[in-house]
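Working notes, structure below.
These numbers come from a predicted model, not from an experiment. To find a chain, count down the sequence lines: A is the first, B the second, and so on, and within it residues start at 1.
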Protein chains: 2
Amino acid sequence: MFTKVKFVFSRKGAAIIARSTIGKIRGTYDQLSRTEKKVAQLALDNPAVVSEMTIKELAAASNVSTATISRFVKRMDYANYREFTMALAHTAAAMTPQQSSFPELAEGDSLATIANKTFRFSVNSLRATNDALNEDDLARAVLKIINAKTLAFFGLGGSSIAALDGYHKFLRTSLNVVYHPDYDIQLMQAAKMTADDCAIVISHSGRNHETLQIVRELTRNGVAIIVITSYSGSELAQAAAVTFLSLTDEVKYRSEGMYSLISQLTILDSLFMMTVLRISSRTQPVLTRVRDVIEHTRDES
Amino acid sequence: MFTKVKFVFSRKGAAIIARSTIGKIRGTYDQLSRTEKKVAQLALDNPAVVSEMTIKELAAASNVSTATISRFVKRMDYANYREFTMALAHTAAAMTPQQSSFPELAEGDSLATIANKTFRFSVNSLRATNDALNEDDLARAVLKIINAKTLAFFGLGGSSIAALDGYHKFLRTSLNVVYHPDYDIQLMQAAKMTADDCAIVISHSGRNHETLQIVRELTRNGVAIIVITSYSGSELAQAAAVTFLSLTDEVKYRSEGMYSLISQLTILDSLFMMTVLRISSRTQPVLTRVRDVIEHTRDES
DNA sequence: TGAAATGTGAAACTTCTTTTCATATAATGT
DNA sequence: ACATTATATGAAAAGAAGTTTCACATTTCA
């Protein structure tokens with residue numbers, strides 16, 4: 001059957017990209033429809049239980065049709081429901097030892113408690129962000145960074161901090177890096193850039209008007225854009241060649257962007273480390289291997 | 001179902017106590033029929049692969065009928081084939097030697113590995129930093145921040161990022177905050193401040209010459225100084241009213257200050273959260289409680 | 001050797017999953 | 001605001017996967 005063949009291919013693809021199931025769900029969460037979110041929530045809340053359910057049971061538990069769930073797992077890149085539950089069980093098992101903590105600051109908290117919760121929240125954000133990364137994206141990003149004639153950072157408001165940090169870090173490399181805190185100058189910088197260059201754009205919401213202006217300018221010039229944002233559905237994310245998600249543990253909750261900064265920084269840090277290690281070993285094999293990964297996975301989406 | 005009961009009775013006294021799936025198969029192996037042994041062998045040889053097969057695939061792979069396999073798993077005491085594969089996947093996963101946290105980047109690392117290690121390292125740094133905090137210091141710091149006429153941030157070089165972030169955060173409060181990236185202006189700012197003010201000084205090493213210059217100026221003016229640094233022994237730390245340590249997991253290793261930034265940010269974040277919660281509840285009881293803590297612990301150090 | 005017991009696969013049957021299709025809802029352009 | 005086009009959704013048909021039945025083969029044991 002044709003379907004069989006189709007599945008065989010898609011399964012291979014999934015295996016390469018695969019990240020923790022929970023990370024995958026988090027990563028795509030805000031692109032999901034209302035009903036699908038109910039399913040996602042349930043799976044996030046107790047993966048272990050959900051992984052043992054049949055599709056019917058899960059449908060009943062989340063008040064949606066089995067059809068919706070079937071489509072949901074496909075959207076998550078699993079070949080079928082069975083593969084999904086297996087993967088879920090897998091990550092659930094890996095997670096069990098650590099308590100999936102639930103920080104929520106209250107006015108009555110002691111100072112030590114506030115500090116502890118803050119740290120815990122940061123850790124959770126990092127974990128969520130890490131789970132949502134995939135090697136394919138990393139490979140593409142590093143390749144673009146390494147080959148860029150100029151590497152420019154863009155970030156306004158709260159994200160200017162992350163942009164500045166990225167600039168600082170990459171200054172230590174042999175790359176030609178640029179960053180300026182001022183919006184107008186960022187815009188001018190964007191206008192100057194070409195297809196040989198690479199831009200790393202950071203924006204928590206992905207909806208900031210000025211940032212989008214810059215991105216449009218970059219797009220017009222054919223600049224390779226790497227985006228770090230918290231919402232995969234944003235226009236910003238759409239325009240990017242590569243998107244990294246800086247996630248916080250609880251999707252719904254708390255003063256926007258407070259914790260995404262840490263995730264943003266660590267994503268930048270990862271990119272930096274990868275770049276350094278790749279540049280320092282400028283041997284051909286490595287680079288071609290990176291290219292292989294890319295070629296191998298390009299025709300998927 | 002009755003069938004279930006029937007099987008339990010008809011075959012030998014079932015192994016009731018949970019064992020790893022593989023253990024179960026081994027334990028029952030010699031009681032199995034010839035065909036069933038073929039299935040068992042396959043499952044033992046590579047559980048991970050078998051756990052992903054459908055019953056048909058496994059039947060084909062082991063040259064037996066699906067019926068036999070269905071009976072086989074029942075004999076193993078699983079309710080159905082699906083439960084069997086889940087359990088198999090479980091133990092297979094548990095068997096794979098999972099590397100626990102020993103981050104140390106190497107040139108051969110894959111991109112995903114680099115990213116994972118980077119995140120793990122950040123988490124470790126946060127944990128270490130959190131462990132080093134104590135409530136006493138927090139209380140003192142918050143009290144100084146809340147009562148300051150002006151709250152100024154100081155940080156140069158890499159630490160300017162943390163200082164900027166602190167500035168950004170505290171801008172959201174009703175406090176009067178100040179920060180300027182330029183060293184000369186920071187120095188002038190320091191000269192302007194008085195005993196009514198509070199300064200948050202950030203420096204990874206605590207040995208930066210310019211930063212020390214600023215601190216001396218602050219000290220001369222009797223400004224309350226809160227320091228965030230990685231070395232408790234530094235002159236900077238000595239001059240401070242309160243010192244917070246931003247630790248990295250491994251003190252010895254790696255490009256200085258790379259990970260302390262995250263810790264610095266989270267310390268600032270903690271201070272911010274505490275400040276917000278304390279300011280918003282400007283009730284006397286809380287403040288006096290804070291004072292109590294201080295009085296209570298002052299003669300400790 | 002023959003009766004009873006056990007093992008086995010084909011196929012019927014049941015249950016689970018996916019796809020189709022009609023409808024409802026939201027987004028978009030005019 | 002209205003029509004038109006996407007998108008989302010559940011019911012039900014279609015398709016797979018898994019289980020049980022049944023008829024036949026093999027072994028066991030008197």
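Rounded to an integer number of Å, the gap from CG of B:Leu58 to C1' of D:dA17 is 13 Å. With rounding to whole Å, B:Lys37 atom NZ is found 11 Å from C:dT8 atom P. If you take CD of B:Glu83 and C1' of C:dT15, they are 16 Å apart, rounded to a whole angstrom. Atom pair B:Lys56:NZ and D:dG18:C1' shows a separation of 9 Å (rounding to whole Å applied). What separates CD1 of B:Ile55 from P of C:dT17 is a distance of 14 Å, to the nearest Å.
The CZ atom of B:Arg75 sits 11.5 Å away from the OG atom of B:Ser70 when rounded to the nearest 0.5 Å. Here A:Arg71 contributes atom CZ and A:Thr66 contributes atom OG1; the two are 9.0 Å apart, rounded to the nearest 0.5 Å.
When the side-chain nitrogen and oxygen atoms of A:Lys74 are compared with OP1 and OP2 of C:dT17, none of them lie within a distance under 4.0 Å.
Closest to the side chain of B:Ser70, out of D:dT9, D:dA17, D:dT20, is D:dT20. Among D:dA17, C:dT17, C:dT8, the nucleotide with an atom closest to any side-chain atom of B:Arg34 is C:dT8.
For B:Asp45 and B:Gln41, the side-chain atoms include at least one donor-acceptor pair closer than 3.5 Å.
Judged purely by atom type and a 3.5 angstrom limit, A:Glu52 has no side-chain atom pairing as donor or acceptor with the backbone of A:Val49.
Position along DNA chain D of the nearest nucleotide to A:Arg75 versus B:Met53 favours A:Arg75 as the more 5'-ward residue. Taking the nucleotide of DNA chain C with the nearest heavy atom to each of B:Ser33 and A:Arg82, the more 5' of the two is matched to B:Ser33.
Aromatic ring orientation, A:Phe153 versus A:Phe170: tilted (interplanar angle from 30° to 60°).
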So which protein N/O to nucleotides 10-15 of chain D N/O distances come out below 3.5 Å?
unit_1 : atom_1 : unit_2  : atom_2 : d
D:dG10 : OP2    : A:Ser65 : N      : 3.3
D:dG10 : OP2    : A:Ser65 : OG     : 3.1
D:dG10 : OP2    : A:Thr68 : OG1    : 2.6
D:dG10 : N7     : A:Arg71 : NH2    : 3.3
D:dG10 : O6     : A:Arg71 : NH1    : 3.4

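Partner A:Ile214 forms a side chain to side chain contact (heavy atoms under 4.5 Å, CB included) with one of A:Leu218, A:Thr211, A:Leu212 and no other, that one being A:Leu218.
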